[in-house]
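Single-structure report; data block below.
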Amino acid sequence: MRTNPGYTSCTAWEAAVTNGGWTAKYWVDEAKKLHAQYLVLASFHSRLGYARAWPSSIPGSCSTKRDFLGELIDAASAEGLKVINYMTDDPQWHNEGGHEWLDSAGYSKYKGKTVNLQERPGFGQFSYDNFVEVMQRYPKLAGFWIDNDNAYWEQNGLYERIRRERPDMVLSNNNEDTPIMDTISNEQKTGMTPNYDYPQAVYTAAPRLIEACFKLPSSGAWWYSGSNSAVDYKLTLGRLITNAGSDVKALMAETAMVNGKFPANQAAFNNFTATYLRDIWESIGGTYGGGYLHGGLKPGFWNDGAHGVTTVSKANPNQHYIHVITRPSGATLKVRDNGYKVSRVTNLRTGASVSWTQSGGTITLNGISNWDQYDTVFKVETAGREGIIPPSSYTMSASASGSGHPPRTRRTATTRPIGTQRVRGRCRCASTWGRRRRSRTSR
């Protein structure tokens, strides 16, 4: 509702969206260019007037007559995509800009008791009712993206109710590692080296789903504020690739204008990415991140300043991909092989054979001159692994433990190289995670 030029009248905002030509199909088509599987509709937002882009019988904030949410769900479903609805817990911006966005009197009348929507318990009741209304009305809605927690929800079993009534829904929580959630979203992390390597900063422990949440425009607000903000292609594509190479889901925010169209810089990025990702999609779709839970070659920092990630095919564990996002200073790339016996290497984009040697646990690619400006992808075919210590030949034990997690000696069933183990039940801080993922060994 506060998307530039901004509205205080709910009916005026709805009219502007409709008269501007908003269509759900446009958003779905743009999502398909990015190979996205989900769309998250963020309208019921604390900084955007708490506007609900769907008809509601619950008074308390702006609610449209036109069912934008329903139209988006139907348009996405027709193309095999799913829709998640954004929900906020936060009333603190109730009068931002000098306008009162929440109607406590209207909601109090509806509830038959006095409820102050400007305070967290009262807003918790209001938003709780909206969760229930939306999940019951839209059977094809795929879940909720929840911006932090509200004590009222937790005290009154909101998440448990969603699990009972809609077990098909995915629940994602922003920034808080709430155990009942399917996904924890790690929002707008920065300060990594290189800056595109988003997985360095995520703190959710595998095997839980991990999501990275970031803006497409390199500057400005999470919503359209009136400017055609710049898009950093290297940063954004690097984030998408490193997330895929680390089994991290990528949630990228685009800032639509009132008419639903994206500013020119974002639209241009979508058009570029449609072709760019299509040409290397086999190395991203249907793959696992390499070097972690599912085998694969060593990612991270390589020789002569090179950096990138690896992926491995879910269908064929002997089919690997090396994504070189930062190229080495020379024409040679060296990657630890993690015990895989290489049989063939090609440039995925061109299909050209790549000269290679393998010795001492390292694959060396030679004579490379055709580096892609964002992501050079090499397809590496292997013939199994060698030099891996059989799991039956050793045990692992712990001499210390955290409270509630007693150490025990047990025989391991993993065939991953030592150095790639993840600790279940613990969250790593960003700095520790960044160091660990760069200290793998190949055996």
Side-chain angles (χ1 to χ4, degrees), residues 31 34-42 76 80-87 89 131 135 140-149 153-154 158-160 162-164 166-189 192 196-215 239-253 283-296 299 309-315 414 416 420-430 432-434 436-437:
L34 301 169
H35 294 262
Q37 296 172 292
Y38 289 81
L39 295 89
V40 180
L41 174 63
L81 280 71
K82 297 181 183 295
V83 172
I84 296 175
N85 199 42
Y86 176 105
M87 301 293 275
D89 80 306
F131 272 100
M135 75 174 180
K140 290 190 292 185
L141 181 67
F144 293 108
W145 198 94
I146 303 165
D147 204 347
N148 295 311
D149 272 327
W153 303 343
E154 296 172 324
L158 172 63
Y159 304 141
E160 290 80 5
I162 295 172
R163 293 299 189 202
R164 287 195 307 271
R166 290 294 304 274
D168 58 302
M169 280 187 160
V170 62
L171 297 179
S172 179
N173 186 275
N174 185 30
N175 290 325
E176 293 188 6
D177 199 348
T178 307
I180 199 171
M181 298 292 167
D182 297 297
T183 307
I184 307 303
S185 196
N186 296 255
E187 183 181 70
Q188 198 63 21
K189 303 302 181 184
M192 297 79 76
Y196 57 75
D197 193 4
Y198 208 101
Q200 285 188 47
V202 301
Y203 56 84
T204 311
R208 296 184 68 194
L209 292 177
I210 307 168
E211 180 180 90
C213 175
F214 54 91
K215 298 190 274 92
R239 284 171 165 175
L240 294 175
I241 300 300
T242 55
N243 284 326
S246 303
D247 288 326
V248 174
K249 310 303 178 185
L251 178 66
M252 187 173 72
S283 69
I284 302 171
T287 65
Y288 295 114
Y292 297 101
L293 298 175
H294 304 284
V309 293
T310 71
T311 54
V312 55
S313 169
K314 292 181 178 179
T414 183
R416 282 176 289 155
T420 65
Q421 307 296 323
R422 287 194 179 188
V423 181
R424 294 189 62 174
R426 297 182 65 186
C427 288
R428 289 202 179 92
C429 66
T432 302
W433 173 242
R436 285 185 63 88
R437 78 185 283 258

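Formation of a donor-acceptor pair under 3.5 Å by the Ser185 side chain with backbone atoms of Ser172 is not found in this model. At distances below 3.5 Å, not a single donor-acceptor pair connects side-chain atoms of Arg239 with backbone N or O atoms of Ala212. Looking only at distances, a side-chain donor or acceptor of Asn186 sits under 3.5 Å from a matching main-chain atom of Ile184. Side-chain atoms of Thr311 do not come within 3.5 Å of backbone N or O of Ile284 as any donor-acceptor pair. No donor-acceptor pair under 3.5 Å is formed between the side chain of Tyr288 and the backbone N or O of Asp247. Looking at Ser313, its side chain does come within 3.5 Å of a backbone N or O of Ala315 through a donor-acceptor pair. When atom types are taken as modelled, the side chain of Tyr203 and the backbone of Asn175 share a donor-acceptor pair closer than 3.5 angstrom. Of the possible polar contacts, one joining the Tyr198 side chain to the Cys213 backbone as a donor-acceptor pair under 3.5 Å is found.
The structure places CG of Leu240 at 7.5 Å from CG of Leu34, a figure rounded to the nearest 0.5 Å. Rounding to the nearest 0.5 angstrom, the gap separating the OG atom in Ser283 from the CD1 atom in Ile241 is 6.5 Å. The OG1 atom of Thr183 sits 10.0 Å away from the CG atom of Asn173 when rounded to the nearest 0.5 Å. In this structure, OG1 in Thr178 is found 4.0 Å from CG in Asp149, a value given to the nearest 0.5 Å. The line from CG of Asp168 to CE of Met135 is 10.5 Å long, rounded to the nearest 0.5 Å. Between Leu251 atom CG and Asn174 atom CG the span is 9.0 Å, to the nearest 0.5 Å.
In terms of heavy atoms, Asp197 sits closest to Met192 at O-CG, 3.7 Å. Of all heavy-atom pairs spanning Val83 and Ala76, the tightest one is CG2-CB, 3.7 Å. When all heavy atoms of Tyr196 and Thr242 are compared, the pair lying nearest together is O-OG1, 3.1 Å. The minimum heavy-atom distance linking Gly291 with Pro299 is given by the pair CA-CD, 4.1 Å. The two residues Gly295 and Val312 make their nearest non-hydrogen contact at O-CG1, 4.2 Å.
The side-chain hydrogen bond (donor to acceptor under 3.5 Å, both in side chains) test applied to Tyr86 returns His45, Asp147, not counting sequence neighbours. The side-chain hydrogen bond (donor to acceptor under 3.5 Å, both in side chains) check on Thr287 picks up nothing, with sequence neighbours excluded. Applying the ring-ring contact (aromatic ring centres under 6.0 Å, His included) rule to Phe131 yields the partners Phe144, Trp153; only residues at least two apart in sequence or on another chain are considered.
At least one side-chain heavy atom of Met169 sits under 4.5 Å from a side-chain heavy atom of Leu141. The side-chain heavy atoms of Phe214 and Met252, taken from C-beta on, include a pair separated by under 4.5 Å.
A salt bridge links Arg163 with Asp182: the distance from a Lys NZ or Arg NE/NH1/NH2 to an Asp or Glu carboxylate oxygen falls below 4.0 Å.
Counting non-hydrogen atoms of other residues, nucleotides and ligands closer than 6.0 Å to CD of Glu160 gives a total above 12.
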Check the pair Ile146 / Met181 against side chain to side chain contact (heavy atoms under 4.5 Å, CB included), numbers first and verdict last. CA-CA 10 Å; Ile146 303 165; Met181 298 292 167; 3.7 Å; yes

